[in-house]
Amino acid sequence: MKKSIFAVCDLDASYACNLTEYLNERKTTPFEVQAFTNVESLEKFAKENEIEILLISTRAMCNEIRELPISRTIILSEGEPISDLGYPLVYKYQSSDDILSEVMEYYVQDHPQPHILSLNKKKTKLYGVYSPIGRTRKTSFAIALGEILAETKKVLYLNFEEYSGFEELFQVQYRMDISDLIYFSRQKESGLIYKMNSVIQTFYELEYVPPAISPADVRDVTGEEWLAFLQQIMSFREYDVMILDLSEQVDDLFRLLKECDRIYMPVQDDMISQAKLKQYDHLVHMLDMEAIQERTFRIHPPVQPLVRDGGDLTQQLVWGEMGSFVRKLLWEEDGQNG
């Protein structure tokens, strides 16, 4: 089924085209984004095509546009003082991710149960990253794995840790996080595809959902709800791979691990770490889940310090020792599977 139209109209042609190009390059945007640099071309298009969302600059907005049959109009503001236009405002000079996030948030408010475009017919692979041992560079490995896979695949990274530290680590403030998606999934599940676009962030090509700010926000999510949530994403988003950065706080952890096509388990060789691994192995045997072990790769990720003045932290991982380790691991696995 053809995607609905998301129109961007700005008299600044370079801005309109650059924003449109970026949004279309996002692999999971559920709209076809069209750029317009004048009102006349937008009017002509709107008379022949149905526009679901219009993002238009204040300078381009006029009475002719108000009369067009557009489902949702949002004003692209430059921060200038303007009278109430009767439409929500989005600030123009911010990241494209933040613009899309705010636009989709407004859209979801008006369409709590929107029409779902189509089911994802491809099989999404679930890669779990988990270790019963602490301080194993698990998250560094998971991010590097996601970034490298995203060079050629559509990948989503989900972090389930109690304290991810992402806001401090990446010097960002998230408007929403995974707990918002879980709440929305419980209340208005048919609109999850659109809600996700107001939450998802990117590390270059890798898409991720910001982890929960408070552990309490997701601590009461049952294993059944996590599985239903993941299934919704896989049903309506065309991801090749979803990476689950798991922790003990996840309810029914072993059930999630059982659903994973592949599990990476960072380990260490000291006596205490090995004792924890033996306890884990014993529990897997008691639960009669040996199938988990068959899909588990025990790995020894390298120690790679990250430095704030060394550039983008995720790219330090991708092109440093961790990235080399991940590329070699994937190359060896591809060779075995081939």
Got a salt bridge between [X] and [Y], using NZ or NE/NH1/NH2 to carboxylate O under 4.0 Å?
X    : Y    : answer
D288 : K258 : no
E151 : R327 : yes
K138 : D245 : yes
D180 : K195 : no
K154 : E238 : yes
K92  : D10  : yes

>> Looking only at the aromatic ring of each residue, does the gap between the centers of F170 and F203 stay below 6.0 angstrom?
In response: yes

>> If you apply the rule side-chain hydrogen bond (donor to acceptor under 3.5 Å, both in side chains), what do you find for S101 with E105, and how did you get there?
In response: CA-CA 6 Å; S101 174; E105 183 65 16; over 6 Å; no

>> Quiz question: by atom type and distance under 3.5 Å, do the side chains of Y22 and D97 form a donor-acceptor pair?
In response: yes

>> Assess, by modelled atom type and distance only, whether the side chains of D12 and S14 contain a donor and an acceptor separated by less than 3.5 Å.
In response: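 Short answer, yes.
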
>> Restricting to non-hydrogen atoms, name the atom on I233 and the atom on L156 that form the minimum distance, rounded to 0.1 Å.
In response: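 For I233 and L156, the tightest heavy-atom pair comes out as CG2-CD2, 4.0 Å.
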
Donor-acceptor contacts under 3.5 Å from residues 312-325 side chains, at least two apart:
from, atom 1, to, atom 2, distance (Å)
D312, OD1, T314, N, 3.0
D312, OD1, T314, OG1, 2.5
D312, OD1, Q315, N, 2.9
T314, OG1, E147, OE2, 3.0
Q315, OE1, W319, NE1, 3.1
Q316, OE1, V307, N, 3.2
Q316, NE2, V307, O, 2.8
Q316, NE2, G311, O, 3.0
S324, OG, G320, O, 3.3

> Between Y239 and M234, is any pair of side-chain heavy atoms under 4.5 Å apart?
Replying inline: no

>> Going by the rule side-chain contact (heavy atoms from CB on, under 4.5 Å), which residues pair with A60 if we only count those two or more places apart in sequence or in a different chain?
In response: C9, L11, V39, I56, S57

